[in-house]
Amino acid sequence: MKRVLFVVLFVVGVLFALSTVSGLANRGVYDSIVIDFREDLLPGQLDQALGAIAQQFKVQPQLNSIFSQADHLYILPGDAHTLKALRRSALKQSTESISPNYIYQAFEVPNDPEYGKQWNMRSINVESAWDETHGNGVTVAVIDTGISQVPDLNESKLVAGYDFVNDREDATDDNGHGTHVAGTIAQSTNNSFGVAGIAYEATLMPLKVLSQSGGGTVADIAEAVRYAADHGAGVINLSLGGGGDADVLREAIDYAYSKGVVIVAAAGNSSDSSAAFPARYPNVISVAALGPSGAKAPYSNFGAGVDISAPGGFMGEDENPLGGILQNTIDPETGESVFRAFQGTSMAAPHVAGVAALVKAVGIEEPEAIAAVLKQSARKIPDDDLNHYGAGQLDAAAAVKLALKGQITVRDFFRWLQQNGYLNLRFWIDGGVVALPPKLAMVLGSYLLAFLLRNYLPWFSFSLSSGLVMGSTGLFFLKGFYIFDLPHYPFRLMGSSIPELGSAIQGSAALHPVFASVLIPFGLVALFLGHRSLKWFAVGATLGVAACLAISAVIDPTMMWLGNGAIARLFLGVNALLCLGLATLAAKAAYNSEVGRA
Amino acid sequence: MTTLEGTVKKSSMGSGTWMLTAVDGKNYEIHKGAPAELLVNGQKVRVTGAIRHDVMTMAMIGPVFEVHSFEVMS
């Protein structure tokens, strides 16, 4: 019965995974066929074969390129039908292979029609970063002139903000600057309209501190920084600066930083050799601007306080819009939607804020860690004596890749697989994904506990054994099982023990306090104690959980919300003891009911 | 109170703003509320006013100068 249950669960999991992804059904499109003739064919034999194809299929095979002559690589138009006929024909003898000429597409080039004008997106390498994340789940506060939801922000997510200039909840833009900055961060992308944004699945929080003329007070800016920190922003963009050191703003920034918010600010546009306030505060990532050539834009501040550089555009004397940063914004005169190129460190900062959101979205939480990732992954500029570039030029793809190091993703496995030639086109098993010794200790520990209760337990019971395994380690080897193009979480779920289930879907190693406690064993015992064989599963699972929690308490007590210190150890230890007590009581009760029945 | 001499210019930083390039070459951003007659591209002026240290702007081209009075120079 249980065996059937497990098999059914497994099959349901796999089928569910299969049904949610079109990956296997959609194996590629082609409208031509590539024939690789054997290289030992004599010219005459080759001509004869080509002639036969021309006669049979009424098409003339062409060399794929001028380099194909030596390889005898020919292309001819055709579909699945042609492919089948070719493979069945006598010609097959003369070939090394006959295959579909699949059309490959570069990943993640958005369909926004004006994307081609966004040199800045390519210069930060954002397309490869999009293979991993679009910034979903991160809120970026844009402390600026407000945000108007122009047509190309239609699909972008906005939360409620505040207008500190006019002291009201509606933070609509009346200048055009804030909407433009917001567009660089999260312009609606792949919507067949307008242009793209960097972290286009992130959420924007509009905070208006600059008036229609583009200026605002440090008091309002400081309040907006605190507001952002208190209302769930993960990243703050400050495309503003000037004035002097103001305690109220510095304290607000330190407050936001202490709450885990990444703060990015523009270095300033006065060509000075140090960053303006607030960019120069220690807890702020200060961004210098690059022109289309990748060199520092002439207007950009540099030197002291500059942490990194990013595209800000340079339009020159003739104000050539192609050199600027193009986004959708409003015309302040009319309030209507326009696509306009701006330049300035104001435009550079949101590039960094957007990439910070991407880095945060793949799991780096602390602002110091995010700053470190951004700086380490930046393209270094040699001989930058004046610190024009800070740590270097922003590189979104390198930043996201660096952020993912140490965190194993499905995509990493694919990459590893391809690089190591372990390629199986459907599935792949990674034996090294789970640290084996703790798992073995948990299984052995659960059996050791069962041994202590041996007088009450039926040995060699499938029910008890499966309980011990599910409670202690789960079918952990399944965590290393992957099917290409499918989500991995079904395998994480199936490969998790009961205490690990609470964090299996998100793939976190931290234990969830509800699942990693006596609660589920208690529920199992309460449910199944009266059942003839399932009660042994409940007892086994309770012992297994006890072993898992005890081992975790000793070697790796990382828990959600409770950290990995004494509190987590105490929690796990107490629950392990409770499980052991519960298992003892349940085993005795189950044993007595068997004896009573006998 | 500070008096500056220089040329009024339109700056294209960010969404655009007005600035004063002083005779020593230093740029000042003209604070909002300046009279419209002052804001003429290329106009040479003498302005009297004060630097606002409590104001930040999106243009960030230099100190923010609040104009109290001005005269056009020939």
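Throughout, protein chains are lettered first and strands after them, A, B, ... in sequence-line order, and every chain is numbered starting at 1. As the structure is a computational prediction, the values presented were derived from the model and not from experiment. Hydrogens, waters and symmetry mates are skipped; everything else that's a heavy atom, side chains included, is used.
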Options [options], ranked by heavy-atom pairs under 4.5 Å with chain B, top entry:
| options | answer |
| --- | --- |
| A/Gly178, A/Gly313, A/Ala219, A/Gly216 | A/Gly216 |
| A/Gly244, A/Gly241, A/Gly214 | A/Gly241 |
| A/Val181, A/Leu238, A/Thr217 | A/Thr217 |
| A/Gly324, A/Gly242, A/Gly312 | A/Gly242 |
| A/Leu210, A/Asp220, A/Leu240, A/Thr145 | A/Leu240 |

Select one option (side chain, backbone, both, neither) describing which atoms of [X] are under 4.5 Å from chain B's heavy atoms.
| X | result |
| --- | --- |
| A/His180 | neither |
| A/Ala266 | both |
| A/Pro278 | both |
| A/Ser211 | side chain |

Non-hydrogen atoms of [X] and [Y] that approach each other most closely:
| X | Y | value |
| --- | --- | --- |
| A/Glu319 | B/Ser12 | OE2-CB, 3.7 Å |
| B/Thr57 | A/Gly215 | CG2-CA, 4.0 Å |
| A/Ser270 | B/Gly62 | CB-N, 4.2 Å |
| A/Gly344 | B/Met13 | CA-SD, 3.8 Å |

Review point. Considering only heavy atoms, which portion of B/Val55 lies under 4.5 Å from any heavy atom of chain A: side chain, backbone, both, or neither?
Key: both
Check your understanding: Any side-chain heavy-atom pair from A/Leu249 and B/Met56 closer than 4.5 angstrom?
Key -> yes
Exercise for review: Give a yes or no on whether the backbone of B/Met58 and the side-chain of A/Ser346 come within a donor-acceptor separation of less than 3.5 Å.
Suggested key: yes
Practice item. Answer yes or no: is there a donor N or O on one side and an acceptor on the other, between the side chain of B/Asp54 and the main chain of A/Val218, under 3.5 Å? Key: no
Practice item. Flag the one option from B/Ser11, B/Gly16, B/Ala59, B/Pro63 with the top tally of heavy-atom pairs under 4.5 Å to chain A. Key: B/Ala59
Within this structure, what is the [atom1]-[atom2] distance for the pair [X] and [Y], rounded to the nearest 0.5 Å?
| X | Y | atom1 | atom2 | answer |
| --- | --- | --- | --- | --- |
| B/Met60 | A/Asp272 | CE | CG | 12.5 Å |
| A/Ser271 | B/Ile61 | OG | CD1 | 10.5 Å |
| A/Gln343 | B/Ser15 | CD | OG | 11.5 Å |

Check your understanding: Above 12 or not: heavy atoms from other molecules or residues under 6.0 Å from NZ of B/Lys10?
Key -> yes
